[in-house]
Amino acid sequence: MYDKNNIFAKILREEIPCDKVYEDEFSLFFYDISPQAKVHVLGIPKFPCRSFSEFINITNNENISSFFKSVQLVINKLNIEEDGYRLITNSGINGGQEVPHFHVHILAGEKIGGLR
Ligand code: 5GP
């Protein structure tokens, strides 16, 4: 079950501040509090869902499309398309997910190590 008290739910309710990059009626993008790269932005749908799979399974196509179009809009806004970036979404225990509200990490600004 979705935990209404997870940190991103609190950010969406404006109980906790965030450094906003972009917002529309369906999604919110803000800087990660503990950046793992020169640019580290998190994108979340405003809809309560725990993971990528839950987002895909319970959200209508219009909203899924809107969210991922917003990811590209933020990529444009950050001007990172040419030099490149990495999109990550962690899910569940094996995926190392800490905050149980579906989110996309946008990492850029330098060469990102790790996965090949
Ligand atoms: P996960 O491991 O769940 O994929 O990533 C959660 C991310 O949320 C981490 O990168 C962590 O630094 C970030 N985070 C945790 N708490 C906060 C917060 O209160 N504000 C912001 N902006 N980011 C947070």
Side-chain angles (χ1 to χ4, degrees):
M1 207 208 291
Y2 181 78
D3 171 13
K4 285 183 186 157
N5 287 320
N6 79 73
I7 207 101
F8 294 167
K10 289 181 179 174
I11 286 175
L12 284 172
R13 290 196 297 270
E14 298 184 339
E15 292 166 11
I16 292 177
C18 71
D19 188 2
K20 225 173 262 184
V21 175
Y22 172 77
E23 181 174 21
D24 60 28
E25 64 170 313
F26 190 67
S27 62
L28 173 67
F29 292 77
F30 51 95
Y31 286 102
D32 196 294
I33 205 165
S34 175
Q36 303 300 307
K38 281 185 184 157
V39 176
H40 189 170
V41 168
L42 299 170
I44 62 177
K46 292 185 173 176
F47 189 74
C49 54
R50 290 175 295 185
S51 64
F52 171 76
S53 299
E54 208 170 275
F55 179 62
I56 296 300
N57 287 330
I58 66 181
T59 312
N60 67 41
N61 286 349
E62 191 185 344
N63 289 345
I64 292 169
S65 163
S66 163
F67 178 74
F68 285 105
K69 292 268 187 197
S70 298
V71 172
Q72 178 58 32
L73 197 148
V74 169
I75 287 166
N76 291 341
K77 198 169 173 162
L78 296 168
N79 196 23
I80 55 173
E81 183 168 347
E82 192 174 330
D83 287 344
Y85 54 86
R86 183 171 295 170
L87 291 182
I88 297 174
T89 182
N90 299 319
S91 180
I93 292 170
N94 284 356
Q97 182 178 11
E98 285 172 19
V99 181
H101 181 112
F102 167 57
H103 53 281
V104 170
H105 297 254
I106 305 172
L107 296 155
E110 62 187 311
K111 205 154 193 193
I112 312 297
L115 293 177
R116 292 283 146 240

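The model shown is predicted, which means the values in this text are computed figures rather than measured ones.
Counting heavy-atom neighbours within 6.0 Å of Asn94 CG, excluding the residue itself, gives a total of 12 or less. Residue Phe68 qualifies as enclosed at atom CZ: its count of foreign heavy atoms under 6.0 Å is above 12. Remark: Glu15 CD is packed, more than 12 non-hydrogen atoms of other residues, nucleotides or ligands lying under 6.0 Å away.
The two residues Ser70 and Asp24 make their nearest non-hydrogen contact at OG-OD2, 3.0 Å. For Ser91 against Ser51, the heavy-atom pair with the smallest separation is OG-CB, 3.5 Å. Contact detail for Leu28 and Cys18: the closest heavy-atom pair is CD2-SG, 4.4 Å.
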**Study point:** Full working for side-chain contact (heavy atoms from CB on, under 4.5 Å) between Ile11 and Lys20
**Key:** CA-CA 10 Å; Ile11 286 175; Lys20 225 173 262 184; over 6 Å; no
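With rounding to the nearest 0.5 angstrom, the NE2 atom of His103 is 9.5 Å from the CG atom of Asn6. Thr59 OG1 to Ile64 CD1: the interatomic distance, rounded to the nearest 0.5 Å, is 5.5 Å. Atom CG of residue Leu12 and atom CD1 of residue Ile16 lie 10.5 Å apart, to the nearest 0.5 angstrom.
Side-chain atoms of Arg13 never come within 3.5 Å of backbone atoms of Asn5 as a donor-acceptor pair (strictly under, hydrogens ignored).
Applying the ring pair (Phe, Tyr, Trp, His ring centres under 6.0 Å) rule to pairs touching residues 76-101 yields Tyr2-His101, sequence neighbours excluded. Among pairs with a residue in residues 27-43, none fulfils salt bridge (Lys or Arg N to Asp or Glu O under 4.0 Å), at least two apart in sequence or across chains. Residue pairs meeting the salt bridge (Lys or Arg N to Asp or Glu O under 4.0 Å) criterion with at least one partner in residues 43-59, sequence neighbours excluded, are Glu23-Lys46, Arg50-Glu54. The stretch residues 89-111 participates, sequence neighbours left out, in no salt bridge (Lys or Arg N to Asp or Glu O under 4.0 Å) pair at all.
Using modelled atom types and a 3.5 Å distance limit, the side chains of Asn63 and Ser66 yield no donor-acceptor pair.
For the pair Tyr31/Val41, a side-chain contact is recorded, criterion being any heavy-atom separation below 4.5 Å from C-beta on. Under the 4.5 Å side-chain criterion, counting only non-hydrogen atoms from C-beta, Ile106 is not in contact with Val39. Within the 4.5 Å cutoff, the side chain of Val71 has heavy atoms near those of the Phe29 side chain.
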With a 3.5 Å cut-off and sequence neighbours excluded, list the donor-acceptor pairs that the side chains of residues 73-84 form with protein atoms.
unit_1, atom_1, unit_2, atom_2, d
Asn76, OD1, Gln72, NE2, 3.0
Lys77, NZ, Val21, O, 3.0
Glu81, OE1, Gln72, NE2, 3.1

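Under the 6.0 Å cut-off for aromatic ring centres, Phe67 and Phe47 do not qualify, their centroids lying 6.0 Å or more apart.
If you chain together hydrophobic residues whose side chains sit under 4.5 Å apart, Ile88 and Ile44 never meet in one group. Neither Ile33 nor Leu42 shares a network with the other; the hydrophobic side chains, linked directly or stepwise wherever heavy atoms of I, L, V, M, F, W or Y lie under 4.5 Å apart, form separate groups for each. There is no path of hydrophobic side-chain contacts, each under 4.5 Å, that joins Leu87 to Ile112. Residues Phe30 and Phe26 do not share a hydrophobic cluster, defined by chaining ILVMFWY side chains whose heavy atoms lie under 4.5 Å apart.
In this structure, Phe55 and Phe102 have parallel ring planes: the angle between them is below the 30° cut-off, well short of the 60° mark.
Residues passing the ring pair (Phe, Tyr, Trp, His ring centres under 6.0 Å) test with His40 are His105, sequence neighbours excluded.
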